[in-house]
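A short worksheet on the structure shown next.
Read the numbers this way: they start at 1 and go in the same order the structure lists the ligands and their atoms.
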Amino acid sequence: MSTGYKSFHESSIKDPKGFWAEQAKLVDWHKPFDQVFDYSNPPFAKWFIGGQTNLCHNAVDRHLKDRAQQIALVAVSTETEQERTYTFEELHAEVNRMAAILQAHGVVKGDRVLIYMPMIAQACFAMLACARIGAIHSVVFGGFASHSLASRIDDAKPKMIITAEAGMRGGKAVPYKPLLDEAITLASYKPEKVLIVNRGLSDYSTVANRDIDYASEREKHLNSKVPVEWVDATHPSYILYTSGTTGKPKGVQRDTGGYAVALASSMRLIFGGNPGETMFTTSDIGWVVGHSYIIYGPLINGMATIMYEGTPLRPDAGIWWSLVEKYKVSVMFSAPTAVRVLKKQDPAFLSKHNLSTLRTLFLAGEPLDEPTASWIHDALKKPVVDNYWQTETGWPILAIQRGVEVMPHKFGSPGVPVYGYNMKLLDEATGAELGPDKKGVVAIEGPLPPGCMQTVWGDDQRFTKTYWETVPGKQVYSTFDWAIKDKDGYFFILGRTDDVINVAGHRLGTREIEESISSHANVAEVAVVGVEDQLKGQVAIAFVIAKDPTKLANMEAEVMKTVDSQLGAVARPARVYLVSALPKTRSGKIVRRALQAVAEGRDPGDISTMEDQSVLAQIKQVIGK
Ligand code: ATP
Ligand code: MG
């Protein structure tokens, strides 16, 4: 890649046909496409029309020729103390068995299969088996309770649900099967079959004619071979619901061909992974990062991938680094929230492992604050690459693309637009494009590049209305994130557009104030929200978790002073509440809308995707509402 970032990105926007035709060579096509894309019906983009391919073939079968005996999957559970590797050949056999089970129970191309499972190898087999036969999977994060699960069952209408009887967290079995039974009772739609992987962790009851046992089914299909179903590039591969940070989750529908190409290309140009190496992504298959960079991305690229069940702290805070050493991980992908957890531990857990194979750590999912970034950077002494994206896009929108050009990193910025994304920073009120250092909404001009969402599952109108009709006078995709762009083209995310605070006519991103507060030495974590104020319209309120709770004297005043000196008095929070926990989604993101509702004495609304619902009650107490 001799061209450098600027011209590379430019060619992707000016000549998308030529650009993506070239990237498409990274995947196998059963039938070549005759048109790179069709955008005759915006905002619906179709990629690689006429082409036929298959995600499972690209992730598994095509590697059998050169790497049958190479490890494809490492499944580690520090909960059950089990660890097992699968070569590409073994993975191929397991996926065939699983695909045969699905077929034997009537699942055909286009049917939905809901996967509600912990981080075990069978979840990977299930996803790949669906892709193999053209069934559409919808993985629902294992931590969700019946209510959230039921609404996804009603939306996706799966013919079959695949589950395990239990997960395990912190050494305790977490039953899944009773929650699933309850969800099916709650849902109006009823799946025909429930396939259960029995791990022997907890007892459960079964429903006759509906529930089937994975182990005995697998025995029946030990030698089954299920041919790959070649599907159109535009055939939906999966539905994945967004995290629900801002409200009701949206069913993101993804295609097959565009997704395969986007992942294959990003593995090389963004993540810098080479076939034969190992990638370790610490996310969960219930999230988009898990789909793209635990399962499909590394496997399509001929890499081994690690699936990890457990916490980052058990048996000790060195567990992830010991896996990096043991499996010679070269590419690692995690989230700021996980790094913050590790940061509270002794750094010796990190330094005692040989991390010489590790080239780069990628972090995504939420703003990467400077103290967290510096800590992990200093501890690892390797590049730490922040990257910004959404469930909707399936792969990064903003990043330093080290496989294109090793550009400098800037603290607080996930970098520059990824090739294929025609990014604009727009004034929300007028739709006008903004120059350097002006705050606006991050938007993408259509067509969205390959790999991004095709539509909202079953609701084209919601796709158009939600994402493409919010900026005045323009049909552009809104990310609903607020940012500034500097003169070098680096974006700095300032928070979500919903979270922008308007103090006496000054518009401030919650992220700006949080970033400033987190520079205070005794701040472990912080969330800022805007609440109604009769005089100023809105004022900022900060919720702070202290590192050392014995040193709280003057904390509120000090925090205010920090903001005053860095951002000015206009950004100064009206109150700083010291709390012991913040409300988060199960993917670890702070739910600011709930904090704001509580601070304004309102009902927080739907909080079913929240990790620990008792946190809000504690916060109500602290603020006396
Ligand atoms: P919902 O859309 O249901 O409210 P969500 O937006 O939290 O949920 P995701 O798609 O998982 O669901 O998260 C994408 C969002 O996460 C982005 O729009 C952005 O706000 C935030 N985000 C992701 N990566 C970064 C990053 N590197 N820096 C800053 N923010 C990020
Ligand atoms: Mg979102």
Side-chain angles (χ1 to χ4, degrees), residues 139-141 144 148 151-152 155 240-252 254 270 283-293 333-339 361-370 372-373 384-400 409-418 421 423 441-444 452-453 456 462-463 466-467 470 477-484 490-500 509-512 514-515 518 527 583-594 605-611:
V139 182
V140 175
F141 177 59
F144 280 136
S148 311
S151 68
R152 288 158 175 81
D155 197 66
L240 178 64
Y241 294 86
T242 58
S243 313
T245 308
T246 53
K248 189 173 176 270
K250 300 163 276 277
V252 167
R254 190 101 56 218
I270 301 175
S283 180
D284 188 282
I285 48 153
W287 312 127
V288 68
V289 174
H291 281 62
S292 295
Y293 298 109
F333 192 162
S334 192
T337 182
V339 175
L361 172 69
F362 294 85
L363 298 173
E366 45 170 338
L368 176 62
D369 56 287
E370 169 147 15
T372 304
V384 173
V385 182
D386 185 5
N387 58 114
Y388 160 91
W389 45 303
Q390 305 185 307
T391 307
E392 289 87 342
T393 66
W395 63 295
I397 306 172
L398 294 172
I400 296 298
H409 289 266
K410 297 190 186 189
F411 269 130
S413 168
V416 293
V418 167
Y421 289 94
M423 316 265 316
V441 62
V442 181
I444 307 168
C452 293
M453 80 188 290
V456 172
R462 189 171 175 208
F463 174 63
T466 306
Y467 296 102
T470 62
Y477 173 89
S478 175
T479 62
F480 301 105
D481 285 309
W482 219 49
I484 59 165
Y490 284 63
F491 282 69
F492 293 76
I493 305 291
L494 302 174
R496 298 175 188 246
T497 50
D498 293 0
D499 297 331
V500 170
T510 48
R511 165 84 203 282
E512 292 174 86
E514 288 169 4
E515 181 83 16
S518 69
K584 290 189 176 171
T585 61
R586 286 166 203 267
S587 52
K589 299 176 185 210
I590 299 169
V591 188
R592 291 180 185 75
R593 71 180 162 86
D606 181 7
I607 52 168
S608 58
T609 65
M610 217 178 273
E611 171 83 36

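- Here the side chains of Y388 and P367 are not in contact, with every heavy-atom distance at 4.5 Å or above.
- By the criterion of a heavy-atom distance under 4.0 Å, neither the backbone nor the side chain of L363 is placed next to ligand 1.
- Among protein heavy atoms, the minimum distance from atom 18 (O) of ligand 1 is reached at D481 OD2, 2.5 Å.
- Of the candidates K589, E366, E392, the one placing a heavy atom closest to atom 16 (O) of ligand 1 is K589.
- The shortest non-hydrogen separation linking P583 to M610 is CB-SD, 3.7 Å.
- Here the CG-CG distance, from L494 to D499, works out to 11.5 Å after rounding to the nearest 0.5 Å.
- The shortest distance between side-chain heavy atoms of V416 and Y421 does not fall below 4.5 Å.
- For ligand 1, the atoms sitting less than 4.0 Å from at least one non-hydrogen atom of W389 are 14 (C), 17 (C), 23 (C), 24 (N), numbered in the order shown with element in parentheses.
- Considering both main-chain and side-chain atoms, D386 comes within under 3.5 Å of ligand 1 through a nitrogen or oxygen pair.
- Heavy-atom proximity to T242, at under 4.0 Å, picks out these atoms of ligand 1: 1 (P), 2 (O), 3 (O).
- Counting only heavy atoms of the protein, atom 6 (O) of ligand 1 lies nearest to R496 NH1, 2.8 Å.
- The distance criterion of under 3.5 Å between nitrogen or oxygen atoms is not met by T479 with respect to ligand 1.
- For atom 10 (O) of ligand 1, the nearest non-hydrogen atom from the set V289, V288, L368, T391 belongs to T391.
- Under a 4.0 Å heavy-atom criterion, K250 is in contact with ligand 1.
- Near N387, the atoms of ligand 1 lying under 4.0 angstrom from a non-hydrogen atom of the residue are 24 (N), 26 (C), 27 (N).
- Taking CZ of R496 as the reference point, atom OG1 of T479 lies at 9.5 Å (rounded to 0.5 Å).
- Shortest contact from atom 7 (O) of ligand 1 to any protein heavy atom: T245 OG1, 2.4 Å.
- Ring geometry, W287 versus F144: the interplanar angle exceeds 60°, so the pair is classed perpendicular (tilted spans 30 to 60°).
- Of all atoms in ligand 1, numbered sequentially from 1 with element shown, those under 4.0 Å from a heavy atom of P367 are 28 (N), 29 (C), 30 (N).
- From the protein, the heavy atom lying nearest to atom 12 (O) of ligand 1 is S243 OG, 3.1 Å.
- Taking the six-membered ring for Trp and thresholds of 30 and 60 degrees, Y293 and F333 have ring planes inclined between 30 and 60 degrees apart.
- Taking any N or O of G365, backbone or side chain, at least one lies under 3.5 Å from an N or O belonging to ligand 1.
- Taking OG1 from T510 and CH2 from W482, the interatomic distance works out to 9.5 Å, rounded to the nearest 0.5 Å.
- In terms of the salt bridge (Lys or Arg N to Asp or Glu O under 4.0 Å) criterion, R152 has no residue partners (sequence neighbours excluded).
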